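Everything below concerns the one structure shown next.
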Amino acid sequence: MTAKFRSWSCAAALALLFPLTLAAQSVQIQVKDLDTDEVIGTVQPGGSFTLSEGDRVRLIMTAQGRGRTLYPQTEYWEGTPNGGCVRITRASIENANATVEAVGSRGRSESIGYRIVEDIGLSSRSVEGSITLRIAESSSGAGSAPAASPSRPSGSWERDLTNSLYKGILMRDLDEQGARGYIDRISRGDHGTVVKIADEMSRSEESRIRIYQRGVNNQQRLIALYENLLDLSSDEIDEEEWDEDLHRLNDGRVAEVVGEIVRSRRFREVQDLND
């Protein structure tokens, strides 16, 4: 009796110490829209999900078992590295997620591979697999790209957009002489032109050095970027995204953070760049 009791006690202790072992029964990937901070769908292994061009979403691996949801450590990779229609811009194995941006043209698709690296008792066929992300072919239907504006805003629109870039990236209003070249380029260009201008601003000496000589810190910079470029307050941003963006600013990677923002669907919508 004593030996049996001890063996049962040992098993109970192991169950408490390793509650995830043999717990998971099925897996699926949540798709979270980073512009709205909402989960917009789930994908089963081998399944597909449709995005709009310019969308930024977070893929989150989940596993169901023992009546609760687990988030096992997972790594992700692109089916066509650096050449497909979607790009993994950041990933966290520990948090079971990857941030993906739809950068290709409509009608294209690409696979995203995954591997669960944490032992939670899954069968081998559930540990590794892939999903397919598609870019919507038309502007109609759920999850499709936003409709283009009938005509591009005119008049002061170019100046207002340039001023938003100045206020977001350099944290000041534009100066007419220095901004004239940017305004003219935007009036002749497209969304790609705006992305290039934002990159130039973020890599300028003012952005890298002089802005900090004014006593600005990176938390203030991040708030300015969200408010002026995305029309979002800091409490509307996903906490994990905030932490990662702040970490990159602290590392001096301002252009990287700005680039993701100005390529996003929300930026195009807020700045009337749906063309």
Side-chain angles (χ1 to χ4, degrees), residues 19-80 84-104 108-136 141-146 226 230 232 235-245 247 260-261 263-266 269:
L20 301 187
T21 303
L22 300 178
Q25 299 171 347
S26 63
V27 300
Q28 63 181 11
I29 295 176
Q30 293 181 349
V31 183
K32 185 177 186 180
D33 188 329
L34 291 180
D35 287 338
T36 63
D37 200 32
E38 296 179 354
V39 174
I40 56 176
T42 58
V43 192
Q44 301 295 328
S48 64
F49 192 85
T50 300
L51 301 173
S52 299
E53 186 179 356
D55 276 356
R56 289 191 314 133
V57 299
R58 178 160 293 147
L59 305 179
I60 307 170
M61 176 61 68
T62 63
Q64 300 298 321
R66 290 185 177 172
R68 62 194 182 105
T69 301
L70 312 174
Y71 299 92
Q73 297 180 12
T74 306
E75 58 183 8
Y76 299 84
W77 60 89
E78 300 167 11
T80 309
C85 63
V86 296
R87 179 187 300 125
I88 295 177
T89 59
R90 67 183 74 170
S92 171
I93 293 177
E94 293 77 11
N95 293 321
N97 68 49
T99 300
V100 175
E101 182 177 358
V103 297
R108 297 184 61 190
S109 63
E110 182 180 352
S111 65
I112 295 291
Y114 67 84
R115 181 184 299 112
I116 297 174
V117 298
E118 181 179 4
D119 182 8
I120 56 172
L122 290 167
S123 63
S124 58
R125 63 183 180 181
S126 298
V127 170
E128 184 172 340
S130 66
I131 62 172
T132 299
L133 297 180
R134 307 182 188 279
I135 311 299
S144 61
Y226 291 149
L230 299 177
L232 291 173
D235 57 6
E236 294 178 284
I237 298 295
D238 176 79
E239 182 177 354
E240 184 176 338
E241 184 174 10
W242 166 274
D243 290 341
E244 291 178 356
D245 283 344
H247 176 73
E260 284 190 9
I261 288 175
R263 288 195 301 268
S264 71
R265 180 183 62 176
R266 182 174 181 88
E269 291 175 344

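This is a predicted model, so every value here is computed, not measured.
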Closest approach of Val86 to Ala102 (non-hydrogen atoms, all atoms of both residues): CG1-CA, 4.2 Å
List for me each residue that meets side chain to side chain donor-acceptor pair (under 3.5 Å) alongside Gln28, sequence neighbours excluded, and say none if there are none. Gln44
Nearest 0.5 Å, please: how far is CG in Leu133 from SG in Cys85? 7.5 Å
What closest approach, in Å, do Glu78 and Ile112 show between heavy atoms, and which atom pair accounts for it? CA-CD1, 4.2 Å
Any non-hydrogen side-chain atom of Glu101 less than 4.5 Å from a side-chain atom of Glu53? no
Side chain to side chain contact (heavy atoms under 4.5 Å, CB included) with Pro72: which of Val117, Thr62, Ile116? Ile116
Side-chain touch Thr89/Val100, heavy atoms, less than 4.5 angstrom: no
Would you find more than 12 non-hydrogen atoms of other residues, nucleotides or ligands less than 6.0 Å from Arg134 atom CZ? no
The test is side-chain contact (heavy atoms from CB on, under 4.5 Å); show your working for Met61 and Glu75 and say whether it passes. CA-CA 9 Å; Met61 176 61 68; Glu75 58 183 8; over 6 Å; no
For Glu239, look at atom CD and say whether over 12 heavy atoms of other residues, nucleotides or ligands are found less than 6.0 Å away. no
Indicate whether any N or O donor in one side chain lies under 3.5 Å from an N or O acceptor in the other, for Asp245 and Tyr226. yes
Test: Glu38 and Lys32 ion pair at under 4.0 Å: no
Nearest heavy-atom pair of Glu240 and Ser92: which atoms, and what distance? OE2-CB, 4.3 Å
To the nearest 0.5 Å, atom CG of Leu34 lies from atom CG of Asp238 at 6.5 Å
Could you tell me if Asn95 and Gln73 have a donor-acceptor pair between their side chains, going purely by distance under 3.5 Å? no
In this structure, CD1 of Ile60 is separated from OG1 of Thr42 (nearest 0.5 Å) by 11.5 Å
Exercise: identify the closest heavy-atom pair between Gly121 and Asp119: N-OD1, 3.1 Å
side-chain hydrogen bond (donor to acceptor under 3.5 Å, both in side chains) with Asp33: of Arg56, Arg58, Arg265, only one passes, and it is Arg265
Quick check: closest heavy atoms across Ile135 and Ser52, and the distance to 0.1 Å? CG2-C, 4.4 Å
Distance from Glu244 atom CD to Glu241 atom CD, nearest 0.5 Å? 7.5 Å
What heavy-atom pair brings Tyr114 and Ile29 nearest, and what distance separates the two atoms? CD2-CD1, 4.0 Å
When you measure from the side chain of Arg266 to the backbone N and O of Leu230, does any donor-acceptor pair fall under 3.5 Å? yes
Go through the structure and list residues passing side chain to side chain contact (heavy atoms under 4.5 Å, CB included) with Val31, not counting sequence neighbours. Ile40, Val43, Phe49, Val57, Leu59
Taking the side chain as C-beta and beyond, is there a heavy-atom pair between Tyr76 and Arg115 under 4.5 Å? no
